[in-house]
Amino acid sequence: MIADVRAVVVDIEGTTTDIAFVHRTLFPYARARLASFVAEHPGLAEMAAVKASEGVADDAAAVATLERWSDADRKAAPLKSLQGKIWRGGYESGVLKAPVYDDVPGALARWRAAGKRLAVYSSGSVEAQKLLFAHTTAGDLSALFSAWFDTGVGAKSEAASYAALASELGETPGAVLFLSDAPAEVAAARAAGLKAVRVVRDGPPEKGAIASFDELEL
């Protein structure tokens, strides 16, 4: 039982969606299409940003940089933005469909019906987040959420990011519940005064953690 929660913020990877989908499906899909997408869409702001930050002038060098960032899973804004644009095509064509854990759709709907605001906080771009939840194996869940946050609000391992997130939601930190599989993120959220619970989808039970959203009573 977690009392006095007015907003629930969820992570994605390992929390609502199997981390394997992101790393084995989404990342390779975008990586394989970076060069062709750039060639088909001249004048991309993301390319200008890469060139400026890396001191390169031609598209080939900028694409090579993006590919290196992708291989290293670097949380660079130009890369995340381009990945989102590439994934959009995959989702809209039906090639990509995001799996969510079985308990997620029902829990989100239940919390929303109880008057809780729902939000997402992920290192992936807001566009990528919206695409994922609009194209899940359980259907379009995007309408359940009223706010979306990426690293534009700050790094997920920093307490200040969660304080800023609560402020943007218009809530006191103690009225916000954050759910994530990452211990460092849970610790940072708690340091900012949020309620935070670790989600452990696989592996042995852990004290204070949950394996399913259905374990939470809000």
Colleague: Would you confirm whether Q129, through its side chain, and F149, through its main-chain N or O, come within 3.5 Å as a donor-acceptor pair?
Modeller: yes
Colleague: Output yes when a side-chain donor or acceptor of S70 lies under 3.5 Å from a complementary backbone atom of L66, and no otherwise.
Modeller: no
Colleague: Tabulate below the donor-acceptor pairs under 3.5 Å that side-chain atoms of residues 34-41 make, not counting sequence neighbours, or state none.
Modeller:
residue, atom, partner, partner atom, Å
S36, OG, R33, O, 3.1
H41, ND1, F37, O, 2.8

Colleague: Among pairs that include at least one residue of residues 146-155, which meet side chain to side chain donor-acceptor pair (under 3.5 Å), considering only residues two or more places apart or in two chains?
Modeller: R117-S146
Colleague: Who pairs with P28 by side-chain contact (heavy atoms from CB on, under 4.5 Å), at least two apart in sequence or on another chain?
Modeller: none
Colleague: Membership question, hydrophobic clusters at under 4.5 Å side-chain separation (ILVMFWY): are I12 and L79 in the same one?
Modeller: yes
Colleague: Ignoring hydrogens, what is the shortest heavy-atom contact between G84 and L131? Give both atom names and the distance.
Modeller: O-CD1, 3.3 Å
Colleague: Among residues at least two apart in sequence or on other chains, which ones pass side-chain contact (heavy atoms from CB on, under 4.5 Å) with H23?
Modeller: E13, I19, F27, D73
Colleague: Kindly indicate whether the side chain of V10, heavy atoms from C-beta on, has any atom under 4.5 Å from the side chain of L118.
Modeller: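 Sidechains of L118 and V10: no contact.
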Colleague: If I compare all heavy atoms of K80 with all of S125, which pair ends up nearest, and what's the gap?
Modeller: O-OG, 3.6 Å
Colleague: Once salt bridge (charged side-chain N to carboxylate O under 4.0 Å, His left out) is applied, what residue pairs with a partner in residues 160-180 remain, sequence neighbours excluded?
Modeller: R6-E171
Colleague: Are I210 and Y121 linked, directly or through other ILVMFWY residues, by side chains that come within less than 4.5 angstrom of each other?
Modeller: no
Colleague: Flag the pair E67 / V63 as yes when at least one side-chain heavy-atom distance between them is below 4.5 Å, and no otherwise.
Modeller: yes
Colleague: Who passes side chain to side chain donor-acceptor pair (under 3.5 Å) against D4, sequence neighbours left out?
Modeller: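 Side chain to side chain donor-acceptor pair (under 3.5 Å) check on D4 returns nothing, list empty.
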Colleague: Do the side chains of V104 and L218 join up, straight or via other hydrophobic residues, at under 4.5 Å, putting them in one cluster?
Modeller: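 Yes, same cluster.
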Colleague: For residues R201 and T15, report the shortest heavy-atom separation together with the two atoms involved.
Modeller: NH2-O, 2.9 Å
Colleague: Keeping S161 on the side-chain end and S157 on the backbone end, is there a donor-acceptor pair under 3.5 Å?
Modeller: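 No; zero donor-acceptor contacts below 3.5 Å.
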Colleague: Which pairs pass salt bridge (charged side-chain N to carboxylate O under 4.0 Å, His left out) with one or both residues in residues 207-218, sequence neighbours excluded?
Modeller: R110-D214
Colleague: Name all pairs fulfilling the ring-ring contact (aromatic ring centres under 6.0 Å, His included) condition that reach into residues 43-80, sequence neighbours left out, sorted by first residue then second.
Modeller: none
Colleague: Locate the shortest heavy-atom distance separating V5 from K116; write the atom from each residue and the value.
Modeller: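 For V5 and K116, the tightest heavy-atom pair comes out as O-NZ, 2.7 Å.
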Colleague: Check L194 against Y162 and note the closest heavy-atom contact, atom names and distance.
Modeller: CD1-O, 3.7 Å
Colleague: To the nearest 0.5 angstrom, please state how far the OG1 atom of T137 sits from the NZ atom of K97.
Modeller: 8.0 Å
Colleague: May I have all residue pairs that pass side chain to side chain donor-acceptor pair (under 3.5 Å) and include part of residues 181-199, sequence neighbours excluded?
Modeller: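 Every side chain to side chain donor-acceptor pair (under 3.5 Å) pair that includes a residue of residues 181-199, provided the two are not neighbours, is K156-E185, S180-E185, R198-E206.
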Colleague: Could you tell me whether the side chain of L96 reaches within less than 4.5 Å of the side chain of L132, counting heavy atoms only?
Modeller: no
Colleague: Rounded to the nearest 0.5 Å, what separates atom OH in Y101 from atom OG1 in T17?
Modeller: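 One gets 7.5 Å once the value is rounded to the nearest 0.5 Å.
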Colleague: If hydrophobic clusters are built by linking Ile, Leu, Val, Met, Phe, Trp and Tyr wherever their side-chain heavy atoms come under 4.5 Å apart, do F178 and V153 end up in the same one?
Modeller: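 The answer is yes; both residues are in one hydrophobic cluster.
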Colleague: Ignoring hydrogens, what is the shortest heavy-atom contact between A163 and A192? Give both atom names and the distance.
Modeller: N-CB, 3.9 Å
Colleague: I'd like to know if the side chain of T25 and the backbone of V22 have a donor-acceptor N/O pair within less than 3.5 Å.
Modeller: no
Colleague: How many angstroms lie between atom CE of M1 and atom CG of L216, to the nearest 0.5 angstrom?
Modeller: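 Atom-to-atom, M1:CE and L216:CG are 11.0 Å apart.
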Colleague: Using atom types as modelled and distance alone, determine if a side-chain donor or acceptor of D58 lies under 3.5 Å from a backbone N or O of A61.
Modeller: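 Yes; at least one donor-acceptor contact below 3.5 Å.
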Colleague: For residues 83-95, which residue pairs qualify under side chain to side chain donor-acceptor pair (under 3.5 Å), counting only residues two or more places apart or in two chains?
Modeller: E46-K85, R88-E92, R88-E127
Colleague: Taking the side chain as every heavy atom from C-beta outward, state whether F213 and W111 have any atom pair closer than 4.5 Å.
Modeller: yes
Colleague: So do K51 and D59 actually touch side chain to side chain, heavy atoms under 4.5 Å?
Modeller: yes
Colleague: Indicate if L169 and L144 have the same hydrophobic cluster label, given that clusters are the connected sets of ILVMFWY residues with side-chain heavy-atom separations under 4.5 angstrom.
Modeller: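 Each belongs to a different hydrophobic cluster.
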Colleague: For A138, give me all partners under side-chain contact (heavy atoms from CB on, under 4.5 Å), at least two apart in sequence or on another chain.
Modeller: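 In terms of side-chain contact (heavy atoms from CB on, under 4.5 Å), with neighbours along the sequence ignored, A138 is linked to V100, P105, T136.
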Colleague: Please lay out, stage by stage, how V120 and D11 fare under the test side chain to side chain contact (heavy atoms under 4.5 Å, CB included).
Modeller: CA-CA 6 Å; V120 177; D11 176 41; over 6 Å; no
Colleague: Please list, chain by chain and in numerical order, all residues satisfying ring pair (Phe, Tyr, Trp, His ring centres under 6.0 Å) with F133, sequence neighbours excluded.
Modeller: F145
Colleague: Can you find a pair of side-chain heavy atoms, one from V9 and one from V176, that are under 4.5 Å apart?
Modeller: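 In short, these two side chains touch, coming nearer than 4.5 Å.
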